[in-house]
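Naming: A, B, ... by sequence-line order, numbering from 1 per chain. The structure displayed is predicted, hence computed values, not measured ones.
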4 protein chains.
Amino acid sequence: MARPRSEDKKQALLDAATDAVALQGIAASTALIARNAGVAEGTLFRYFPTKDDLLNALYLHLKTLLCEALQAGLKDMSTPKTIACDVWNSYISWGLKNTLAQRAVRRMSVSEKITPETRQQVNELFPELYKLCQRAMRQELMTIEFEDFGDALFLALAETTIEFALRHPARSQELISLGFESMWRALAQENPV
Amino acid sequence: MARPRSEDKKQALLDAATDAVALQGIAASTALIARNAGVAEGTLFRYFPTKDDLLNALYLHLKTLLCEALQAGLKDMSTPKTIACDVWNSYISWGLKNTLAQRAVRRMSVSEKITPETRQQVNELFPELYKLCQRAMRQELMTIEFEDFGDALFLALAETTIEFALRHPARSQELISLGFESMWRALAQENPV
Amino acid sequence: MARPRSEDKKQALLDAATDAVALQGIAASTALIARNAGVAEGTLFRYFPTKDDLLNALYLHLKTLLCEALQAGLKDMSTPKTIACDVWNSYISWGLKNTLAQRAVRRMSVSEKITPETRQQVNELFPELYKLCQRAMRQELMTIEFEDFGDALFLALAETTIEFALRHPARSQELISLGFESMWRALAQENPV
Amino acid sequence: MARPRSEDKKQALLDAATDAVALQGIAASTALIARNAGVAEGTLFRYFPTKDDLLNALYLHLKTLLCEALQAGLKDMSTPKTIACDVWNSYISWGLKNTLAQRAVRRMSVSEKITPETRQQVNELFPELYKLCQRAMRQELMTIEFEDFGDALFLALAETTIEFALRHPARSQELISLGFESMWRALAQENPV
DNA sequence: CATGAATGAGGTTTCATTCAT
DNA sequence: TATGAATGAAACCTCATTCAT
């Protein structure tokens, strides 16, 4: 992969795109993104041949960052529940610390501009992590057919929790643990309170 | 005198908008919507002064339809769990029967074009129903501060379930009951398997 | 001339058009004019087959009103200067009392929508009056070729005076007499202060 | 790098706009202006972000040209009257040579699209010139409160003269000097014929 | 390689006018 | 006669993309 001249510029473009998409959705203009990245309008197209390419690259990029945060957040791997708890907390706290990134991802994920290929690549980012959690999951959710479903339920609950924590910062700690409790009851094999 | 404004045309516009937004997001053009509704482009703006007004009206309209389906779906009100189950099944089956409507709603709900006022109106559509379910909910989720959170978790799980059921029609029945089981564990007071 | 059903409606349309044109120029929409006149959009076109017809009718109407005010304002016909002074004062005070009408006329008079025919009709409204003033005018301005020019100079000075008097109400009296003095010096045969 | 913004194109746009506004008023379409300037419609909006911006820029531009003509026209500065005469003649002859520009200015000046800021900038173009004339003006018109009024009367008479000279080219010389005589009588301190 | 001027298709919205009621 | 719903051309403006510099 011939890397472009300046990795800095590419990064600046992704950062600017994150903010723009978070605030304006995928309708955010390439001109705005380039300007906020501090590069010329035409330069954007040297790094991303197409706006759609930029969006797909951004989606993958942000999901990768999230994934790295999850991996870095694993501290106590003694029991499935502590693992799940670490993952949950890392997820939520990444979303809270990177509000715009989180919002950008949400907006892109419902868009038809993100191709199935990109979605597939994103799925492949997470496997190990989920394997860890899944050990604790209910039998029904552990069959090959349904493990994606379990993941999706996990993500749905986490995203909802992030949203509420952002909306009600004063009660964010309570929401986060209430959310975790709900997730654990929903998905885990045993439900010891 | 003069011909009366036609409720049919308004309906045709909302229907056409549903399909267009489902497929292309809120970027779907008014020209396309009008054409598919079988009216002139200028006519659209007699019924909805602004594209944003159309989107907000559409959002409210679809959520109203969903709400009516939920109310119509209440059959067995003997126990909290049967109530919750009816609601769950109605929700999912409305989503499955009205794929485009469901997709349109999802896309609009993450858009900044839907105003807080509209969102508030939508919230007010649902109260009785949720009261019913909430009787069965865990204490923690029944405080005023957290009942919205409980609702949101319910919706998140249901939407995820709909999405998977659409993607895997052959296994939709299993997914639906697996989803219900997860929701019930997550949110209900008692967790008898 | 078969008069339309309701002279009231026609009048209401002209009044509404006056305000609309004063505020928005000839771009003011027929829909707005009709609404402010309290009639339906289509009704406007029963009284004025075309928007241009409405504008021309309005121009003639307002100039007629002005002309009537000038004639009514003649009080002291003893000397040319008192006549001129009465005309001047009537003109200015009509402009000040009918700001919107005055502004509407100004905007229409530079527009290509007002036809030469209408402009000719307007010219024909004023003759007698000007004959009176002209007795006092300089020889050079009394030849057939230049009497229109003298009229136009009179009007130009009067309109400028109105504009300034509107802009500076506190000093309007001074402006009006300063304007009159200037007009009299410019156009009259003798210049006794 | 990248091709520089072309002053030629900007000029072509202003020229095309002058003609279009002269003939059709401020309602002249951006499409027509761009086409007559030989550029794409989108290009117009790179030079003038808004149609209103174009109109304001055009107004300022034309008034600047006029002002330059007035300054270049000063030849004999020996007496106030010769100065005034040079200014008068330059003004009229600029109007005659630049009919469309003159007409465009007239139409724009009664429009609400021209902002107070632009009007202020235009006022500031002229001060020195008027100072020259004002030395000859009547005391009453030399007070700070009324010097603007004197200017406006001067302009009103000049514009009227231009209009008549255009309408009657055969007699334009007579009209011009008749106009000057009237202006001088109206505004100057002494009125020696 | 980087730039940003240029493009023109396409977006939303307005509006004079027509015509079914 | 009066109405106002319907129309579609045309308005202003945006934008992804190209390409001369």
Side-chain angles (χ1 to χ4, degrees), chain A residues 2 4-6 9 26-35 38-55, chain B residues 1-10 26-35 38-55, chain C residues 4-6 9 27-35 38-55, chain D residues 1-10 26-35 38-55:
Chain A
R5 233 331 159 57
S6 153
K9 286 205 174 93
I26 58 169
S29 80
T30 52
L32 176 72
I33 293 169
R35 184 161 58 255
V39 306
E41 282 184 58
T43 302
L44 185 152
F45 293 92
R46 302 196 72 79
Y47 291 85
F48 306 97
T50 272
K51 186 184 182 184
D52 283 7
D53 288 332
L54 167 61
L55 290 174
Chain B
M1 318 156 192
R3 103 199 70 165
R5 196 171 285 194
S6 143
E7 204 57 37
D8 282 2
K9 286 208 174 87
K10 185 167 194 171
I26 58 168
S29 80
T30 51
L32 176 73
I33 293 169
R35 185 162 57 253
V39 304
E41 194 164 2
T43 302
L44 185 154
F45 291 94
R46 284 203 148 252
Y47 289 84
F48 306 98
T50 275
K51 187 185 181 184
D52 282 7
D53 287 333
L54 167 59
L55 290 174
Chain C
R5 228 343 154 49
S6 153
K9 284 204 175 96
S29 80
T30 52
L32 176 72
I33 293 169
R35 184 161 60 255
V39 305
E41 282 184 61
T43 302
L44 185 153
F45 292 91
R46 302 196 72 78
Y47 290 85
F48 306 97
T50 271
K51 187 186 181 183
D52 283 6
D53 289 331
L54 167 60
L55 290 174
Chain D
M1 317 156 194
R3 105 198 70 164
R5 196 171 284 194
S6 143
E7 204 56 39
D8 282 2
K9 284 206 175 89
K10 185 167 194 171
I26 57 168
S29 80
T30 52
L32 176 72
I33 293 169
R35 185 161 57 253
V39 303
E41 192 166 1
T43 302
L44 184 153
F45 291 94
R46 284 203 148 252
Y47 288 84
F48 306 98
T50 275
K51 189 187 181 182
D52 283 7
D53 287 333
L54 168 60
L55 291 174

Starting from C1' on F/dC15, measure out to CG on A/Leu55 and report it in whole angstrom. 14 Å
Can any side-chain N or O of B/Ser6 pair as donor or acceptor with the backbone N or O of B/Asp8 at less than 3.5 Å? yes
C/Ala40: which residues meet the side-chain contact (heavy atoms from CB on, under 4.5 Å) condition with it, sequence neighbours left out? C/Thr43
Atom of D/Tyr47, atom of D/Lys10 and distance for their closest heavy-atom approach: CD2-CB, 3.8 Å
Scanning both residues in full, the closest heavy-atom pair of D/Leu44 with D/Thr30 reads CD1-O, 3.7 Å
Rounded to whole Å, CD1 of A/Ile33 lies from P of F/dA16 at a distance of 8 Å
Whole Å only: how far is the CG atom of A/Leu44 from the C1' atom of F/dC15? 12 Å
Would you kindly give the CG-to-C1' distance between D/Leu54 and F/dC13, to the nearest whole Å? 13 Å
Hey, could you give me the CZ/NZ distance between D/Arg46 and D/Lys9, rounded to the nearest 0.5 Å? 11.5 Å
Residue mapping more 5' on DNA chain E - nearest nucleotide basis, D/Ala40 or A/Lys9: A/Lys9
Choose from E/dT7, F/dA6, E/dA6 the nucleotide whose nearest atom is closest to any side-chain atom of D/Tyr47. E/dA6
Round to a whole Å and report the spacing from CZ of A/Arg35 to C1' of E/dT3. 15 Å
Where are the stems of DNA chain E, defined as at least 3 consecutive Watson-Crick or wobble G-U pairs with both distances under 3.5 Å? E:2-21 with F:2-21
Just the rounded figure in Å: distance from P of F/dT14 to CZ of D/Phe48. 16 Å
Base contacts versus sugar-phosphate-only contacts with protein, heavy atoms under 4.0 Å: please encode nucleotides 10-17 of chain E as B, S and - from 5' to 3'. -SBBBSBB
D/Lys51 side chain vs D/Ile26 backbone, donor-acceptor pair below 3.5 Å: yes
D/Asp53 CG to F/dC12 P, in whole Å, measures 14 Å
Rounded distance (nearest 0.5 Å) linking atom CG of C/Leu32 with atom CD of C/Glu41: 10.5 Å
